[in-house]
Amino acid sequence: MTDGGDCLVLMPTGGGKSLCYQLPSLLRDGCGIVVSPLIALMRDQVEGLLDTGVKAAVLNSSLSWEEASAIEQRLLAGDLDLLYIAPERLLTPRCLELLSRARLALFAIDEAHCVSQWGHDFRPEYIKLSILAERFPTVPRIALTATADELTRSEIVSRLKLDGAPRFVASFDRPNIRYEIIEKQNAKSQLQTFIAERHAGEAGIVYCLSRAKVDETAASLASAGIPALAYHAGLNAAVRARHQDRFINEDGVVIVATIAFGMGIDKPDVRFVAHLDLPKSIEAYYQETGRAGRDGKPADAWMTYGLADIVQQRRMIDQSTGKDAYKRVSAGKLDALVGLCETAGCRRLRVLEYFGEAPGQPNCGNCDNCLSPPRVWDGTIVAQKALSCVYRTGQRFGAGHLIDVLIGNSTDRVAQLSHDQLSVFGVGAELNEKQWRTVIRQLVGLGHLQPDSEAFGALKLTESARSVLKGERKVMLREQAAASATRKRTTKGKTSKRDSTSAPASPAVAGGYKKLSDSNLLSALRSWRTSIAKQRKVPAYVILHDATLEGIASSRPTTHDQLRTVAGIGDKKLERYGDVLLSLVRSAAS
Ligand code: ZN
């Protein structure tokens with residue numbers, strides 16, 4: 001990459017993606033131009049670079065004319081290593097002309113998946129970036145993204161004219177993130193319990209689909225004593241900026257947000273990402289959960305989901321104004337995500353396979369299914385009952401009514417429709433309502449039932465349902481972890497069977513969930529960092545990372561040379577903070 005060819009780099013966040021353009025920019029002659037959406041959020045990254053001695057700057061619309069022209073002069077004078085520019089600014093004739101007069105090391109197109117019309121981050125101005133290949137044929141272009149399936153990858157290549165460019169694909173595995181997907185019961189109280197029991201006092205992101213739900217959820221967390229702030233496009237810009245700043249700069253703030261939040265956020269110590277609603281695809285899920293644990297320490301990706309989520313997402317696809325091809329691709333992506341939710345196997349494996357990786361091990365040891373393998377049972381007979389109930393009632397009803405018929409509830413609606421006269425009425429009395437809900441959801445997840453695009457909430461049979469009804473296909477269902485403790489099985493053929501594969505403990509995370517004991521030195525270091533960060537108006541991690549503070553606290557260096565061996569302490573940091581850090585170590589020892 002340093003000797004100047006085009007390339008496509010696919011690398012998970014936290015995988016050193018930004019190094020891929022920072023390094024060649026520094027080694028090659030001239031300035032590296034970084035094209036990134038949401039340029040305003042790059043401020044922290046630039047602050048961090050300045051702190052390590054890299055000459056970096058941002059050109060965006062928040063600068064005054066004088067400030068912008070000072071940066072332009074520095075670019076022309078060869079006094080910049082890296083310049084961040086938003087795509088819409090870059091594409092102006094004036095900016096292109098400016099760049100043509102400067103010596104350029106490379107173009108780095110960050111978040112390159114924004115070029116994909118199928119993707120959830122599509123930005124029309126990204127498509128126009130193909131002009132870079134025409135105007136600057138000799139300047140290497142590097143496209144970077146943290147998430148892209150095969151379809152998106154080839155779209156990036158063709159849109160950005162990277163044909164023939166080598167691809168560098170790093171593993172998408174984020175071993176420190178623990179994946180967990182549970183059945184939705186009372187989402188708000190499930191979330192509260194999750195935070196209270198596992199992440200009290202820690203920073204996290206909660207994703208919801210709608211603005212109303214964001215507001216509601218933030219309020220309910222706040223009333224439970226959890227410092228939670230809302231973030232969505234409906235809030236005014238000042239409130240959004242304030243909430244984002246508090247999330248980044250303060251300790252232990254939970255942000256509740258729509259997917260409008262997150263891109264460009266590089267806070268390393270986000271300890272959990274929770275989804276209260278189903279994302280649109282595995283890419284979206286991976287990208288959103290990838291905001292947890294960028295510091296490499298244990299973090300949780302937690303999601304609660306239910307049948308209503310699948311129906312809702314399906315409906316959004318069906319009602320979208322997109323072309324049929326778009327709807328088909330979207331539906332396929334949703335199906336893959338639902339498959340991830342319903343699998344009884346390793347979640348990480350599913351995600352990695354989706355991105356085209358073939359991990360060597362069958363178990364990761366750090367997802368819910370590996371840590372406590374779900375019970376799997378032969379649900380063929382139960383499935384047949386549910387599917388014939390759908391058939392007999394005319395494929396026009398949702399889960400609620402179907403369950404009433406299966407259990408034999410003589411509701412008004414059942415009587416009105418004479419569904420109590422059907423052979424399937426009461427045929428499924430061995431399961432209760434909640435259990436049936438789980439079964440029906442899984443039948444949707446397994447593709448035997450599908451939400452009707454015409455009638456909201458109605459479920460209809462698919463092609464594969466036929467073979468289940470004919471007895472040609474076995475249906476294995478998973479028991480829900482939460483429900484399994486209280487569930488009693490009486491009917492033959494539904495006896496539980498424990499999956500025999502046992503999960504090995506993950507070496508990367510074993511014991512990692514124990515909180516570090518807060519030594520005096522560590523808390524002294526932290527409070528020093530907080531005050532410096534306030535003074536310099538930057539996030540605390542720009543000063544020094546948590547891991548660096550912990551490294552100092554455990555090794556207790558007494559000289560500059562010893563301090564220099566702690567990870568995260570470079571010459572610049574040593575020069576700037578060396579003396580004060582050593583004096584903190586000394587005073588903690590005395
Ligand atoms: Zn696993």
Worksheet item: Just one of Thr258, Thr217, Val273, Ile255 clears the side chain to side chain contact (heavy atoms under 4.5 Å, CB included) bar with Tyr207, so which one?
Response: Val273
Worksheet entry | Salt-bridge present (Asp173, Arg348; N to O < 4.0 Å) | yes
Practice prompt. Please work out which of the three classes, parallel, tilted or perpendicular, describes the rings of His199 and Phe272, given edges at 30° and 60°.
Written response: tilted
Worksheet item: Under 3.5 Å, is there a donor-acceptor pair between the side chain of Arg291 and the main chain of Gly204?
Response: no
Worksheet item: Rounded to the nearest 0.5 Å, how far apart are OH of Tyr354 and CD of Glu283?
Response: 3.5 Å
Worksheet item: Just by distance, do the side chain of Asp309 and the backbone of Asp277 share a donor-acceptor pair under 3.5 Å?
Response: no
Worksheet item: Donor-acceptor pair, Thr438 side chain versus Lys434 backbone, under 3.5 Å?
Response: yes
Worksheet item: Would you say Arg441's side chain and Ala308's backbone share a donor-acceptor pair under 3.5 angstrom?
Response: no
Worksheet item: What's the spacing between Leu334 CG and Met316 CE if we round to 0.5 Å?
Response: 10.0 Å
Discussion item. If you define the side chain from C-beta out and look only at heavy atoms, does anything of Met303 sit under 4.5 Å from Ile182?
Written reply: no
Worksheet item: With a 4.0 Å cut-off, would you call Lys280 and Glu288 a salt bridge?
Response: no
Worksheet item: Going through the checks in order, is the side chain to side chain contact (heavy atoms under 4.5 Å, CB included) test met by Asp269 and Lys267?
Response: CA-CA 6 Å; Asp269 57 351; Lys267 187 176 167 66; 3.2 Å; yes
Practice prompt. Keeping the roles fixed (side chain from Asn176, backbone from Lys297), state whether a donor-acceptor pair exists under 3.5 Å.
Written response: yes
Worksheet, complete the sentence: When every non-hydrogen atom of Pro279 is compared with those of Leu337, the smallest separation belongs to O-CD2, 3.1 Å
Worksheet item: Are there more than 12 heavy atoms of other residues, nucleotides or ligands under 6.0 Å from atom CG of Asp245?
Response: yes
Practice prompt. Kindly give the heavy-atom pair with the smallest separation between Ala399 and Arg437, and that separation in Å.
Written response: CB-NH1, 4.1 Å
Worksheet, complete the sentence: dist Ser464:OG -> Leu387:CG (nearest 0.5 Å) comes out at 8.5 Å
Item to complete: Look at atom CG of Asp412 and say whether more than 12 heavy atoms of other residues, nucleotides or ligands are closer to it than 6.0 Å.
Response: no
Worksheet item: Any side-chain heavy atom of Asp300 sitting closer than 4.5 Å to one from Phe194?
Response: yes
Discussion item. For the backbone of Ala230 and the side chain of His243, can you confirm whether one donor and one acceptor N or O come within less than 3.5 Å of each other?
Written reply: yes
Fill in: Ile177 to Gly290 - nearest heavy-atom pair and separation
CD1-CA, 4.2 Å
Worksheet item: With a 4.5 Å limit on heavy-atom distance, are the side chains of Gln450 and Val444 in contact?
Response: no
Practice prompt. Supply the atom-to-atom distance Lys470 NZ to Gln384 CD, rounded to the nearest 0.5 angstrom.
Written response: 12.5 Å
Worksheet item: From His275 NE2 over to Trp302 CH2, what is the distance, rounded to the nearest 0.5 angstrom?
Response: 11.5 Å
Practice prompt. Output yes when a side-chain donor or acceptor of Lys327 lies under 3.5 Å from a complementary backbone atom of Asp318, and no otherwise.
Written response: yes
Discussion item. Using ring-ring contact (aromatic ring centres under 6.0 Å, His included), reason through Phe397 and His419 one step at a time and then give a plain yes or no.
Written reply: CA-CA 12 Å; Phe397 299 92; His419 283 171; 5.3 Å; yes
Worksheet item: Any donor and acceptor pair, going by atom type alone, linking the side chain of Tyr286 with main-chain N or O of Phe355 inside 3.5 Å?
Response: no
Worksheet item: Do Val439 and Leu477 come close enough that some side-chain heavy atom pair is under 4.5 Å?
Response: yes
Worksheet entry | Note, Cys367 side chain near Glu180 side chain (heavy atom, < 4.5 Å) | no
Discussion item. Quick one: does any side-chain atom of Thr343 pair with a main-chain N or O of Gly339 as donor and acceptor, under 3.5 Å?
Written reply: no
Discussion item. Counting C-beta onward and ignoring hydrogens, is there a side-chain heavy-atom pair between Val254 and Pro227 closer than 4.5 Å?
Written reply: no
Worksheet, complete the sentence: Heavy-atom closest pair (Cys341 atom, Arg347 atom, distance to 0.1 Å) is O-NH1, 3.0 Å
Discussion item. Between Phe261 and Phe247 (judged by ring centroids, cut-off 6.0 Å), do the two rings come close enough to count as a pair?
Written reply: yes
Worksheet entry | Minimum heavy-atom distance between Thr393 and Cys389, given as atom pair plus value | OG1-O, 2.7 Å
Worksheet item: Is there side-chain contact between Glu433 and Ile407, with at least one heavy-atom pair below 4.5 Å?
Response: yes
Worksheet item: Under the salt bridge (Lys or Arg N to Asp or Glu O under 4.0 Å) criterion, do Arg478 and Glu183 qualify, and how do the steps go?
Response: CA-CA 11 Å; Arg478 59 173 288 176; Glu183 185 175 32; over 6 Å; no
Worksheet item: Any Lys/Arg nitrogen of Asp335 or Lys333 sitting under 4.0 Å from an Asp/Glu carboxylate oxygen of the other?
Response: no
Fill in: Backbone of Asp546 reached by a side-chain donor or acceptor of Asp295 within 3.5 Å
no
Worksheet entry | Atom pair CZ (Arg473) and OG1 (Thr380), whose distance is rounded to the nearest 0.5 Å | 11.0 Å
Worksheet item: Between Lys188 and Glu216, is the closest basic N to carboxylate O distance under 4.0 Å?
Response: yes
Worksheet item: Would you call Tyr391 and Lys460 a side-chain contact if the rule is heavy atoms closer than 4.5 Å?
Response: no
Worksheet item: Only one of Asn186, Leu221, Thr304 clears side chain to side chain contact (heavy atoms under 4.5 Å, CB included) with Leu191; which?
Response: Leu221
Worksheet, complete the sentence: Correct closest heavy-atom pair for Ala228 and Val256 would be CB-CG2, 4.3 Å
